[in-house]
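Remarks on the structure that follows.
Just so it is clear, the values below take in all heavy atoms, side chains as well, and ignore hydrogens, waters and symmetry mates.
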Amino acid sequence: MSIELIIGGAGSALTLYQIIKDSNGFLIGPKKDEFLNYDPSYLLSLYSSEKPISPSIPYCEIVSLFPTMPMVKISIRKEQYINTSENQEWNQVSSIGYSKLLESKRVKDNEEAIRLANYTNDSCNLLLTLQKARYHDQCRSNLILDYSSKDDLDSISLRNMLKLEYGRQLPPLTDTRLANTVGIAALLFYKNNNEYIPYMVKRVKKVGVFPGGVHCTSSGVAKWPQHQNSTFDECFTEHMYLELEEEVGIKKEDIVEFMPISICREFGRGGKPQIFYAGITSLTKDELVAKRKVAAKVIKDTNLWPEIEQTKWHHSEIVLDAKTLSESINKYKVTLEGVAALHFGLKYLQQHVKYNAK
């Protein structure tokens, strides 16, 4: 099945696995940079003891949040996370890799962030143990796992050190050498000629992860909540709304339906936790373009760090329809996070269309 049919018929009961299978991994990009190896084949082989969400997508699911949301409880650790290890070799590689990442100018702010220290889950209840961390904690661990001074798969890197200890499994969340700050990502669909089109964007090249690829609508790292007794929505969902408004100009009232779909761990960043959201906006393509222009101006005027292209990036378009989106994916490839977001977005959309067809 062609990518044009997958994108154009997003309301149909299709899975992302078909896209990846037919492209033989060609549509995933980037494959690798100085700090991380994003190659799905490599990651799926390396963590072969884990169960991926799809045979071609290097994420595993901690818990499904859709269509039935479990009862979520939040536990807060009092002490702030400190990124350190008793292993001096680990500390040395971490320090050098962190310095190189800062020199690349692909990361900037060091805001307070949410770390997932642990979780427990049964059929109806989910307990998330959270800990205060900072953004740069992941810059010393999850974001530089493949950095090495030598261009050799067997050279010393944080990932190879973890491999010696855990084999084909992801490190447990209890391994405090990894920051494991919680990522949040959303894919929104907009309607055009009775089709649901995924609103995807293109990452800039000067960004911490997934440089230059086609990405989900918005993503970020969950910021530490203002209140200690915060709920799941206050910790994660409300921040996801803020990311959407900041990056693409979409406000909460512009969204018809918005739901958390899954909590996963990403193979590329060594099991870093990721919450995926999906939903539908009431805005038309032209209205999305207008919102995007407003967001771009705010980012420029307030000197924020732009993570996505804020000007026309494919065929003089900034919000792509089905045809130009499929062309852009073939040209720029899709990020790992974008692929997983589309996977869960399609899962959500199938249920939405099925329910509304009754």
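Of the candidates E266, Q274, H343, E266 is the only one forming a side chain to side chain donor-acceptor pair (under 3.5 Å) with Y59. Checked against Y47 for a ring pair (Phe, Tyr, Trp, His ring centres under 6.0 Å), the options Y42, F267, Y166 give a single hit: F267. The residue from Q138, H136, R134 that alone fulfils the side chain to side chain donor-acceptor pair (under 3.5 Å) condition with T181 is Q138.
Tracing side-chain contacts under 4.5 Å through hydrophobic residues (I, L, V, M, F, W, Y), one never reaches V294 starting from L242; they form parts of separate clusters. Linking Ile, Leu, Val, Met, Phe, Trp and Tyr residues whenever their side-chain heavy atoms come within less than 4.5 Å places Y119 and L178 in a single cluster. Hydrophobic cluster membership is shared by I156 and L101, with clusters built from Ile, Leu, Val, Met, Phe, Trp and Tyr side chains linked at under 4.5 angstrom. Hydrophobic clustering keeps V298 apart from V289 (ILVMFWY residues linked when any side-chain heavy atoms are closer than 4.5 Å, directly or through intermediates). Under a hydrophobic clustering in which Ile, Leu, Val, Met, Phe, Trp and Tyr are joined whenever their side-chain heavy atoms come within less than 4.5 Å, directly or via other members, L158 and V107 fall into the same cluster.
Checked by atom type and distance alone, the side chain of D254 pairs as donor or acceptor with a backbone atom of K251 at under 3.5 Å. Put simply, the side chain of R269 never gets that close to the backbone of L145: no donor and acceptor are under 3.5 Å apart. The backbone N or O of A179 sits less than 3.5 Å from a side-chain atom of N142, completing a donor-acceptor pair. Between the side chain of R265 and the backbone N or O of P172 there is no donor-acceptor pair closer than 3.5 Å. Although no hydrogens or angles enter the test, the distance criterion places a donor-acceptor pair under 3.5 Å between the side chain of S141 and the main chain of D137. For K333 (side chain) and N330 (main-chain N/O), a donor-acceptor pair under 3.5 Å exists by modelled atom type.
Distance CG/D146 to CG/N37: 5.0 Å, rounded to 0.5 Å. Atoms CZ and CD1, on F344 and I275 in that order, are 12.0 Å from each other to the nearest 0.5 Å. Here the CZ atom belonging to F189 is positioned 10.0 Å from the OH atom belonging to Y196, to the nearest 0.5 angstrom. Rounding to the nearest 0.5 Å places CE of M71 at 13.0 Å from CG of L127. Interatomic distance, CD of E245 versus NZ of K252, reported as 11.5 Å (0.5 Å rounding). Considering CD1 of I184 and CD of E243, their distance stands at 5.5 Å, rounded to 0.5 Å.
The nearest pair of heavy atoms linking L162 to P171 is CD1-CG, 3.8 Å. Between S230 and C235, the shortest heavy-atom contact is CB-SG, 3.6 Å. Closest approach of G268 and L36 over heavy atoms only: O-CD2, 3.5 Å. Between I53 and I57 the shortest heavy-atom distance is CD1-CG2, 3.7 Å. Here the closest heavy-atom approach between residue A295 and residue G249 is recorded as CB-N, 3.5 Å. The two residues Y147 and G97 make their nearest non-hydrogen contact at CD2-CA, 3.6 Å.
Within 6.0 Å of the NZ atom in K108, the count of heavy atoms belonging to other residues, nucleotides or ligands exceeds 12. For N193, the CG atom is loosely surrounded, since the number of other residues' heavy atoms within 6.0 Å does not exceed 12. Within 6.0 Å of CD on E253 lie more than 12 heavy atoms contributed by other residues, nucleotides or ligands. Heavy atoms from other residues, nucleotides or ligands lying under 6.0 Å from CD of E86 number 12 at most. Within 6.0 Å of atom CG in L164, more than 12 heavy atoms from other residues, nucleotides or ligands are found, so the atom counts as buried in its surroundings. By the 6.0 Å contact criterion, CD on Q80 is enclosed, its count of non-hydrogen atoms from other residues, nucleotides or ligands being greater than 12.
Counting heavy atoms from C-beta on, the side chains of P198 and L325 come closer than 4.5 Å. Y199 has its side chain out of reach of L283: every pair of non-hydrogen atoms, C-beta onward, lies at least 4.5 Å apart. Two residues are said to be in side-chain contact when any heavy atoms from C-beta on lie closer than 4.5 Å; V214 and L320 fail this criterion. Using a 4.5 Å heavy-atom cutoff, the side chains of D109 and Y135 are not in contact. Contact check for N83 versus R115: no side-chain heavy atoms found under the 4.5 Å cut-off. Between F236 and I263 there is no side-chain heavy-atom pair separated by less than 4.5 Å. Between L65 and I261 the shortest side-chain heavy-atom distance does not fall below 4.5 Å. Side chains of L46 and R168 form a contact here, defined as non-hydrogen atoms less than 4.5 Å apart.
Side chains of S94 and N91: no donor on one and acceptor on the other come within 3.5 Å. In summary, the side chains of E287 and Y190 do not present any donor paired with an acceptor at a separation below 3.5 Å, with no hydrogens or angles considered. Side-chain N/O atoms of E317 and T324 include no donor and acceptor closer than 3.5 Å.
The existence of a salt bridge linking K223 and E112 is excluded, since no basic side-chain nitrogen approaches an acidic carboxylate oxygen closer than 4.0 Å. Under a 4.0 Å N-O distance rule, the pair K272/E337 does not qualify as a salt bridge. By the 4.0 Å N-to-carboxylate-O rule, E34 lies too far from R106 to be salt-bridged with it.
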Working for side-chain contact (heavy atoms from CB on, under 4.5 Å), residues Y241 and I255: CA-CA 10 Å; Y241 280 120; I255 299 174; 3.8 Å; yes

Audit row: V201, E309, side-chain contact (heavy atoms from CB on, under 4.5 Å) steps and yes/no: CA-CA 7 Å; V201 301; E309 296 287 355; over 6 Å; no

Residues R177, E165; criterion side-chain contact (heavy atoms from CB on, under 4.5 Å); working and verdict: CA-CA 13 Å; R177 290 173 295 182; E165 189 168 346; 2.8 Å; yes

Steps toward side-chain contact (heavy atoms from CB on, under 4.5 Å) verdict (K291, L244): CA-CA 11 Å; K291 293 275 187 178; L244 283 164; over 6 Å; no

Stepwise side-chain hydrogen bond (donor to acceptor under 3.5 Å, both in side chains) test for E61 and S262: CA-CA 7 Å; E61 189 169 60; S262 178; 2.6 Å; yes

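Ring orientation note: the planes of Y277 and F258 are close to parallel, at an angle under 30° on the 30°/60° scale.
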